[in-house]
Amino acid sequence: MLLDDLNSEQRAAACQTEGAVMIVAGAGSGKTRTLTYRVAHLLECGAKPWEILVLTFTNKAADEMKERIIGLVGKSARYIFMGTFHSVFSKILRLEAEHIGYMPNYSIYSTSDSKSLLKKIIKEHDLDYEHLYKPDKVLGRISKAKSQLITSAEYYFSDLCKLDTADGLKYMADIYREYDTRMKQGNAMDFDDLLLNMYLLLKKSEETRMKYQQRFKYIMVDEYQDTNRAQYIITNMLAAGHGNICVVGDDAQSIYAFRGADINNILDFRKHYEDTHTFKLEKNYRSSGNIVEAANSVIDKNKRQIKKNVWTDNPEGEKIGLVRLSTDREEADFVAMRIRSLTASGDCSLKDIAVLYRRNRQSRSIEESLRLKNIKYLVMNNTSFYERKEVKDALAWLALVVNNRDNQAFERAVSSPKRGIGETTLAKLNAMARERGLSLFDAATNTELLQTAFNYGTIKKLQDFCGIICAYSAKCDEADAFELGSRIIEASGLKDCLRMEKTQDSEDRIANIDELIDSMQSFVEAEREELVNELTGESLDTEDRSLAAFMQQISLVSDTDSTSDEKDYVSLMTIHASKGLEFKHVFIVGMEENIFPSLSALASMQEMEEERRLFYVAMTRAKSSLCLTCACTRYEYGQLTFSEPSRFIRDIDPRFLAGGEEKKKRELPKSETDRKMFPWMKPSQEKKPLPLTSLKHNTLTKKTAEGAADKGPVLAMADMEEGMQVWHDRFGKGVIVSLNRDEKNGRAVVDFEQFGQKTLVLLFAKLRKSN
DNA sequence: AGGTACTTATAGAGT
DNA sequence: ATAAGTACCT
């Protein structure tokens, strides 16, 4: 019997197929397992695969779950509609495009496409794109609006717009509107548009809404704690007919508030569905007793959370390792060495090991050390492959063929390879096109128009280019992605250019383009296989082998950058990327203030708590061993910087930390120069790394008024906010508890580390930002 | 138009 | 350290 593999609470959750269900699932409590069996159970009870919609947060999670369900119930599970919000919605929007004023072949703009369009708009309006209206910032605000389902037209009247005005960004709304207009003209959507437009589609057309409400009879949402308002509303809309919606989440693992995730969704869920069946999975099957307890002791420090009792009956296991090294290089070497000894003992392979870090760039030093020791590794990174120039160029050609109106793609494709169309020509063409509301492509194919501004040579160049694009666009409906795509890339001449260079670098670039072509081939073949299996015609994603479908898919797929063809490798990834995964042995590196927690989290309590949850996520990835490392110094922006151990280390109950026996093996700097660089190291400590348990108190808390000199300038009232860490020349370090911004009588209650709570008159107190 | 040399800001996470 | 932007040259 299928459900025998579950414990009673898991089984109860899996069997509750009807109505609103909320599963609060602690780390390692068998959440995926429960969801998987729930789907299998639904199918057993007679639901059809295509009536089930499962929304996940990452593609990885979706793929993994699909595989597991296929393992349970067989290949019919392929027809379950399962994927990330973005990929599922992009497929629906492709089918329903005309209802919302789009063409089915719309482009999906990456963040960098969006930013470059914004920059262009901001420049055109003679606004300051370097400081005030930084594309990054502007896109962030637009994204925030969209995640709250505020359209560009509504934005003018929104609270967000008032905030902009307060921040001196009075043209934000205009920029948003212009951006929106251009995106529509270009038949393009950004990531947030996929959600916003899905919402608009359901809202606008009752017929469509009913269609999907009836189609998706059972809806499941994974990682519910990381959904934003838009996702909350849309899933409710889809479930509005039958009310069969099941959400799974853990507030302690909410780590995407920065991207608009709203923890209130979990809380509001039970208000929205009055008779919600709630299940709590608290038994941890993953980690050793020590790890579970240590992680609990950390998350306990957060104030805002739903109380949970995560427990395990796994053996206590090893204590958590803690090592401080002198430099980031040594930290990396240490990790590599430990990995060596883990695998040498024979009870684990590289696949069982992960190195986690807060920021992508930290992978560098780790990679170097691993390479040096010949340890195979794989960096799970979202960008690297598709951000490479040659890949972007090739993709621009493909994008332009699929969607002629894609101006970003036009600009990139027309100038790579170089064909004598430069800045000047493009500027003129841009102006011309905008004046008439045409796309660059349409302008460039309009001979009469061109003759008003360009000489014969330029016109010829433009039209030759457009001719190639046109020829392939005409074949979009007949040829599949691989067939068409590989021909376009050949015709682009990109590879020919590289071939002529004949350098190692150009060889690599060609290989990258070939890899892209390979991925088109496997896209086409994967789809083909599905077609052969069953022909119900009911599943939305079985038939589409077109280049347009390929382009939309890869825009939403994060890439795993392969540095190794081996199957056995150490995994390197950010903590964010590690969510949902587990490893026998986990290293968390860079456990340092200003890295983890990150510098920008210091300002608010909310962000600090999110960082702590992130640490909780990191710790709970480990099954049997966990090792934390930090360095005294590291290079940042090419400059040597000094670090203190992370405050999160203090959050761990010392009972679960290792004493330091294995650390004796490590040697610390002994040379004369090193001694000068690390004056705080006493000779006796040089024999072994500093045990952090003893170190943390003196390093972290010893900080008195003498540090004031290196503090920042005195804060203005407007720059203060509750939860902010501040420095007072007399009372030292503290946190703002409450704030009254009255101009003359403004006061702040500050909780000082060493002096307790004080009320300060802001007019006189010189508060500085503390780090 | 396009290449090269110099300057500057920069990186927090990812669909 | 490095990518991106600018100034200047061919």
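The structure presented is a predicted model; accordingly, all values stated were derived computationally and were not measured. The sequence lines fix the lettering, A, B, ..., with proteins before strands; numbering per chain opens at 1. Below, each value reflects all heavy atoms present in this structure, side chains not excepted, and no hydrogens, waters or symmetry copies.
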- For A:T574, answer base if it contacts any base atom (sugar-phosphate contacts may also be present), sugar-phosphate if it contacts only those atoms, and nothing otherwise; contact means non-hydrogen atoms under 4.0 Å. sugar-phosphate
- Query: Which part of the nucleic acid, if any, lies within contact of A:F57, taking any heavy atom under 4.0 Å across all strands shown: a base, the sugar-phosphate backbone alone, or nothing?
  - Reply: sugar-phosphate
- Task: Round to the nearest Å and state the distance from A:K60 atom NZ to B:dT15 atom P.
- Result: 8 Å
- Task: Decide yes or no, distance alone: a donor-acceptor N/O pair under 3.5 angstrom between the base of B:dG12 and the side-chain of A:R359.
- Result: no
- Query: Rounded to whole angstroms, how far apart are CD on A:E636 and C1' on B:dT10?
  - Reply: 11 Å
- Note on the structure: A:Q639 atom CD is separated from B:dA11 atom P, nearest whole Å, by 17 Å
- Out of B:dG14, B:dT15, B:dA13, which nucleotide sits closest to the side chain of A:R358? B:dA13
- Item | Closest-nucleotide ordering on DNA chain B, the 5'-leading residue of A:E423 and A:D136 | A:E423
- Message: How many whole angstroms separate atom CD of A:Q552 from atom C1' of B:dT15?
- Response: 14 Å
- Taking OP1 and OP2 of B:dA11, is either one under 4.0 Å from a side-chain nitrogen or oxygen of A:K134? no
- Query: B:dG12 and C:dG5: how far apart are their C1' atoms, nearest whole angstrom?
  - Reply: 23 Å
- Query: Among side-chain atoms of A:S365 and A:D328, is any donor-acceptor pair under 3.5 angstrom?
  - Reply: no
- Query: Can A:F258 be said to stack with the base of B:dA13, given centres closer than 5.5 angstrom and planes under 30 degrees apart?
  - Reply: yes
- Parallel, tilted or perpendicular: ring planes of A:F410 versus A:F465, cut at 30 and 60 degrees: perpendicular
- Task: Say whether A:T574 and A:N360, considering side chains only, have a donor N or O and an acceptor N or O under 3.5 Å apart.
- Result: no
- Note on the structure: Rounded to whole Å, the NE2-P distance (A:H576 to B:dT15) equals 11 Å
- Item | Distance-only side-chain donor-acceptor flag, A:Y179 / A:D190, under 3.5 Å | yes
- Task: Select base, sugar-phosphate, or nothing to describe what A:Q362 touches, counting heavy atoms under 4.0 Å on all strands.
- Result: nothing
- Query: Which of parallel (below 30°), tilted (30 to 60°) and perpendicular (above 60°) describes A:F216 and A:F81?
  - Reply: tilted
- Message: With hydrogens left out and only the distance checked, is there a donor-acceptor pair under 3.5 Å joining A:E607's side chain and the base of B:dG12?
- Response: yes
- Nearest-Å distance for atom pair CG/C1', residues A:L614 and B:dA13: 8 Å
- Query: Any donor-acceptor pair under 3.5 Å between the side chain of A:S87 and the base of B:dT15?
  - Reply: no
- Separation of atom CD1 in A:I255 from atom P in B:dG14, rounded to whole Å: 9 Å
- Item | Candidates B:dT15, B:dA13, B:dA11 - which lies nearest the side chain of A:R361 | B:dA11
- Item | Heavy-atom protein contacts under 4.0 Å, nucleotides 2-10 of chain C, coded B base, S sugar-phosphate only, - none | S--SS----
- Whole-Å distance, A:L55 CG to B:dT15 C1', equals 13 Å
- Item | Distance below 4.0 Å between A:T111 side-chain N/O and B:dT15 OP1 or OP2 | no
Name every donor-acceptor pair, under 3.5 Å, that has one atom in a side chain of residues 389-398 of chain A and the other anywhere in the protein, sequence neighbours excluded.
residue, atom, partner, partner atom, Å
A:K389, NZ, A:D393, OD2, 2.7
A:E390, OE1, A:R509, NH1, 3.1
A:E390, OE2, A:N512, ND2, 2.8
A:D393, OD1, A:R412, NH1, 2.6
A:D393, OD1, A:S416, OG, 3.4
A:W397, NE1, A:S416, O, 3.0

- Query: Can you tell me how far C1' in C:dA4 sits from the matching atom in B:dA13, rounded to whole Å?
  - Reply: 22 Å
- Query: Are A:Y256 and A:N228 close enough that a side-chain donor and a side-chain acceptor fall under 3.5 Å?
  - Reply: no
- Message: Which residues pass the salt bridge (charged side-chain N to carboxylate O under 4.0 Å, His left out) test with A:D113, not counting sequence neighbours?
- Response: none
- Message: Is there, by distance only and without an angle test, a donor paired with an acceptor across the side chain of A:R259 and the base of B:dA13 below 3.5 Å?
- Response: no
- Query: Are any non-hydrogen side-chain atoms of A:T58 and A:K579 less than 4.5 angstrom apart?
  - Reply: no
- Nearest to the side chain of A:N360, which nucleotide is it out of B:dG14, B:dT10, B:dT15? B:dG14
- Query: Of all the nucleotides listed (C:dA1, B:dT15, B:dG14), which has the minimum atom distance to the side chain of A:Y637?
  - Reply: C:dA1
- Item | Given DNA chain B, 5'-ward residue of the pair A:H86 and A:K418, judged by closest heavy atom | A:K418
